[in-house]
Amino acid sequence: MKMGLVSAILDGWTFEEMIDTCAKMGFKCVEVACWPSGKAERRYAGVSHIDVSNTSKEYIEYIKKYCKWCGVEISSLAFYPNTMDGDLEKREAAISHLYKVIKMSSLLGVNMVTTFIGRDQTKSVEENIELFKEIWPPIINYAEESGVKIAIENCPMLFGQDQWPGGQNLMTTPVIWRKLFEICPNKNFGLNFDPSHCIWQQLDYIAPIYEFKDRLFHVHYKDIKMYPEKLAQCGTMAYPLDYMSPKLPGLGDVDWGKFVSALTDIGYDGFTCIEVEDKAFESSKERILDSIRLSKRYLDQFVI
């Protein structure tokens, strides 16, 4: 397995500074944030370390050479929008940029894009599955023709009031994964699996590793800490952030020994990237760097 970092936490760092940071910390790879320029709609979104609109040979060669010189491989180009937004203008903009990310991933020889399926949060699961049938087959087919894998993260994107009631990502549970993989059986369509999202949904995060081993393209290391005393007061129907919070790996409730053990069982030798979303470590750039160091130090006991 190759351990890396999700670059979104390094907001404000240039591409070179971001790659240099990963190299100095001993990471083998990095999942590079590739959002369009402009104001971020939410935390960790809006970060862009590669301009996917610039497809010049010079720019592409520069990125390849810089990464090779630093010894850091790009695991994936990352863009996590809502491609099934109920707002058609936002939906169109997200899909348009996603196509650019897919193209750049192919041109760079990365051949992986990590993203969300999206969801119209006002519609039912069944209605969103019908929407998926309309929107996603052409995207997946385009990626397949370009030699690019699409790895969907299993985050529900349901945390607070603005994402209530249904959340903004349909690809949340094994039950839904099976349905979407049946609709789009393309071998380039799979998962970017983050076990932390299973914790607060009360899902098994070990069994899916075995069942979906052929669809496991990319892995995130992020933790979630549950607060039982808060959950006892507000219940599971409350906003999830009322009873849980994202934490650094090792500071939450994921059993990372069991998780990595399962990955080794299936012979997973792909990319595994630390995703930092812990508010306790965001007060300064140095504190952010501390959070990355701490996460890597903890996971080094499991991943060589």
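Closest of all the heavy-atom pairs between Leu231 and Met226 is CD2-CE, 4.1 Å. In terms of heavy-atom proximity, Val30 sits nearest to Cys22 at CG2-SG, 3.8 Å. Between Pro81 and Thr115 the shortest heavy-atom distance is CD-OG1, 3.5 Å. Closest approach of His218 and Asn192 over heavy atoms only: ND1-OD1, 3.0 Å. Closest approach of Thr83 to Ile95, counting heavy atoms only: O-CD1, 3.7 Å. Between Asn82 and Ala94, the shortest heavy-atom contact is O-CB, 3.9 Å.
Contact of the Ile199 side chain with the Tyr205 side chain is registered, since non-hydrogen atoms from C-beta on lie closer than 4.5 Å. Taking 4.5 Å as the limit, every side-chain heavy atom of Val110 sits out of range of all side-chain heavy atoms of Met104. At a threshold of 4.5 Å between non-hydrogen side-chain atoms, the residues Met84 and Ile117 count as touching. Looking only at side-chain heavy atoms (C-beta outward), Ser76 and Ser105 stay at 4.5 Å or farther from each other. Side-chain contact check for Ile152 versus Phe189: some heavy-atom pair is nearer than 4.5 Å. Taking 4.5 Å as the limit, every side-chain heavy atom of Met171 sits out of range of all side-chain heavy atoms of Asn154. Looking only at side-chain heavy atoms (C-beta outward), Tyr66 and Ile19 come within less than 4.5 Å of each other. Here the side chains of Met1 and Val260 are in contact, with some heavy-atom distance below 4.5 Å.
Side chain of Ser291 to backbone of Ile288: a donor-acceptor contact under 3.5 angstrom is found. Put simply, the side chain of Arg91 gets close to the backbone of Asp85: a donor and an acceptor are under 3.5 Å apart. Judged purely by atom type and a 3.5 angstrom limit, Asp253 has no side-chain atom pairing as donor or acceptor with the backbone of Lys225. With hydrogens and angles ignored, the 3.5 Å screen pairs no side-chain donor or acceptor of Gln233 with any backbone N or O of Lys230.
Here Lys24 does not pair with Asp20 in a salt bridge; the nearest charged N to carboxylate O distance is not below 4.0 Å. A salt bridge links Glu286 to Arg293: one of the charged nitrogens lies within less than 4.0 Å of a carboxylate oxygen.
Criterion: ILVMFWY side-chain heavy atoms under 4.5 Å apart, direct or through other members. Under it, Ile209 and Leu203 are not part of a common hydrophobic cluster. Cluster annotation: Phe302 and Val6 are assigned to distinct hydrophobic clusters (Ile/Leu/Val/Met/Phe/Trp/Tyr, side-chain heavy-atom contacts under 4.5 Å, transitive). One hydrophobic cluster, built from ILVMFWY side chains closer than 4.5 Å, holds both Phe132 and Val125. Under a hydrophobic clustering in which Ile, Leu, Val, Met, Phe, Trp and Tyr are joined whenever their side-chain heavy atoms come within less than 4.5 Å, directly or via other members, Ile140 and Leu77 fall into the same cluster. Hydrophobic cluster membership is shared by Tyr210 and Leu191, with clusters built from Ile, Leu, Val, Met, Phe, Trp and Tyr side chains linked at under 4.5 angstrom.
Asp278 pairs by the side chain to side chain donor-acceptor pair (under 3.5 Å) definition with Lys247, not counting sequence neighbours. Residues meeting the side-chain contact (heavy atoms from CB on, under 4.5 Å) test with Asp11, sequence neighbours left out: Val47. For Lys213, the side-chain contact (heavy atoms from CB on, under 4.5 Å) criterion is met by Ile266, not counting sequence neighbours. Residues meeting the side-chain contact (heavy atoms from CB on, under 4.5 Å) test with Glu130, sequence neighbours left out: Lys133. Gln121 pairs by the side chain to side chain donor-acceptor pair (under 3.5 Å) definition with Gln168, not counting sequence neighbours.
Between the side chains of Glu31 and Thr114, at least one donor N or O sits under 3.5 Å from an acceptor N or O. Residues Ser7 and Trp13 bring no donor and acceptor atom of their side chains to less than 3.5 Å of each other. Looking at Glu16 and Tyr62, their side chains do bring a donor and an acceptor atom within 3.5 Å of each other.
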Evaluation steps, side-chain contact (heavy atoms from CB on, under 4.5 Å), between Ser146 and Lys103: CA-CA 7 Å; Ser146 303; Lys103 180 178 180 179; over 6 Å; no
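In this pair, His197 and Phe159 present their aromatic rings tilted. The plane angle is within the 30 to 60° band. Ring-plane geometry between Phe193 and Phe259 is classed as tilted, the angle between the planes lying from 30 to 60 degrees on a 0 to 90 degree scale.
The CG atom of Asp162 lies 8.0 Å from the CE atom of Met157; values are rounded to the nearest 0.5 Å. Atom CH2 of Trp136 sits about 9.5 Å away from atom SG of Cys184, to the nearest 0.5 Å. To the nearest 0.5 Å, atoms CG (Leu131) and CG (Asp120) are separated by 7.0 Å.
Listed by first and then second residue, the ring-ring contact (aromatic ring centres under 6.0 Å, His included) pairs that reach into residues 75-96 are Trp35-Phe79, Phe79-His97, Tyr80-Phe116, sequence neighbours excluded.
In the displayed structure, Glu127 atom CD is contacted under 6.0 Å by more than 12 heavy atoms of other residues, nucleotides or ligands. The environment of Lys64 atom NZ is dense: over 12 non-hydrogen atoms of other residues, nucleotides or ligands sit within 6.0 angstrom. Remark: Glu229 CD is packed, more than 12 non-hydrogen atoms of other residues, nucleotides or ligands lying under 6.0 Å away.
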